[in-house]
Amino acid sequence: MEHYLDNAATTRVCDEAAEAAVRAMTVTYGNPSSTHASGRNARALLDSSRKRIASALGCGQSELVFTSCGTESDNWAVIAGTESMRRKGLHVISSEAEHDAVRKSLDELERRGFEITRLKPDPSGSVSIDSLRSALRPDTVLVSLMLVNNETGSVTDISAAARAIKDAGSSALLHTDAVQAFLKVPFRAASLGADLISISGHKIHAPKGIGALYIRKGLRLKPYIIGGGQEDGRRAGTEALPQIAAFAAACDAAAAQFEEYSQRMYGFRDEIIRSVSSSVPSVTINGGGAPHILNISLPGLKSEVLMNYLEAREIYVSKSSACKKGGRSHVLEAMGVDPRSIDGSIRIGLSRYTTGEDVTALCEGIREAWKSLAHS
Ligand code: PLP
């Protein structure tokens, strides 16, 4: 029996989302821009989907623009957001723990002449607001800090970051990559204080290929994709209605029982920590905070060896980020985790579909792996 515990990489599509996608492909398949009845039905589905996702994110419908994925949202927010402020300065603040979708956008900004300050996360994996305060300058035009880290689950206090920017009298825009936070930790866009928020469907049981960017009312970003006037002229291309309808259905399903799912995942996380600590006393926990991500190190065991051992038992976990091929985790390095622990780290990703059997299989697998591999 398969035990899928890599839910920070991607999640199983929930039945509600799959059904919504099939319906949008086979029944409501019109083009939302067509004026006939089929188009109008598709438009109605697009509007109602946007309303439901906006409600889950806690923002107005006009503040939500659909994209193809979290990466596109991050690229657009960081690059176009910064470029929109060029007249005011050339300084950007972010962190060393960001996802590559933000890191590569920062590299691009550097090539365009911007200066980037990359803050170090503290040993718990969060970015301290004091370090942000010290880095803010009169010419800072954008701050981009992720809400939940994809490798460790560590949470950065974005509301406090927004207050710090305001208190400093700075006009810098605040972007947060909330791809791992949306519907996993509680927050509302309207009260978070960020100007730009990236989210992605496939982390919350919707299909791959759909994301969104929250753009605070009144803020205009230069479109990344130009063509037809879709998304109020902000992002061209015929709307991916099956994915959008599925995204809305996934939001409804996750939001309806948010508390219950969250508590279950926290419970499993604690159980894994307890069990692994008793079988592997030298285990260390890297960061943490969000309910669905647990990063542990078994020093002396190599991540790949442990992953292969678990995979042979159909238990799927990952080594840091699924998107990162090879190399040491830049996140754990930035947190100051010692190299031996980084080399023995794995990321466990939980979801609302995680079962007690999955957790038991994982804990037994780790115990057996430690017994048979650790000192060989
Ligand atoms: N940001 C974070 C924190 C992520 O975890 C991911 C995906 O792993 C992304 C951005 C990219 O999202 P997508 O896979 O939808 O492009």
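Computed over heavy atoms, backbone and side chain alike; hydrogens, waters and symmetry mates excluded. What you are looking at is a predicted structure, and each value in this text was computed from that prediction instead of being measured. Atoms within a ligand are numbered from 1 in the order they appear, just like the ligands themselves.
- Atoms of ligand 1 found under 4.0 Å from any heavy atom of Met146 (numbered from 1 in listed order, with element): 3 (C).
- For ligand 1, the atoms sitting less than 4.0 Å from at least one non-hydrogen atom of Thr71 are 11 (C), 12 (O), 13 (P), 16 (O), numbered in the order shown with element in parentheses.
- Of all atoms in ligand 1, listed by their number and element, those nearer than 4.0 Å to a heavy atom of His202 are 13 (P), 14 (O), 15 (O).
- Using a 4.0 Å heavy-atom cutoff, Glu72 is absent from the residues neighbouring ligand 1.
- Near Asp74, meaning under 4.0 Å from one of its heavy atoms, ligand 1 places the atoms 1 (N), 10 (C).
- Ion pairing of Arg112 with Glu108 is present here, as a side-chain N (NZ or NE/NH1/NH2) and a carboxylate O approach within less than 4.0 Å.
- When non-hydrogen atoms are compared, ligand 1 lies under 4.0 Å from the backbone of Cys69 as well as from its side chain.
- Using a cutoff of 4.0 Å between basic side-chain nitrogens and carboxylate oxygens, Arg118 and Asp107 are scored as salt-bridged.
- Taking a 6.0 Å sphere around NZ of Lys104, one finds it holds 12 or fewer heavy atoms contributed by other residues, nucleotides or ligands.
- Comment: Asp338 does not engage Arg340 in a salt bridge, judged by the lack of any side-chain N to carboxylate O separation of less than 4.0 angstrom.
- An N or O contact shorter than 3.5 Å links Gly70 to ligand 1 by distance.
- Taking 4.0 Å as the cut-off between side-chain N and carboxylate O, Arg274 and Glu271 do not count as a salt-bridged pair.
- Residues meeting the side-chain contact (heavy atoms from CB on, under 4.5 Å) test with Ala77, sequence neighbours left out: His175, Leu196, Leu213.
- Below 4.0 Å from some heavy atom of Gln180 lie the following atoms of ligand 1, by number and element: 3 (C), 5 (O).
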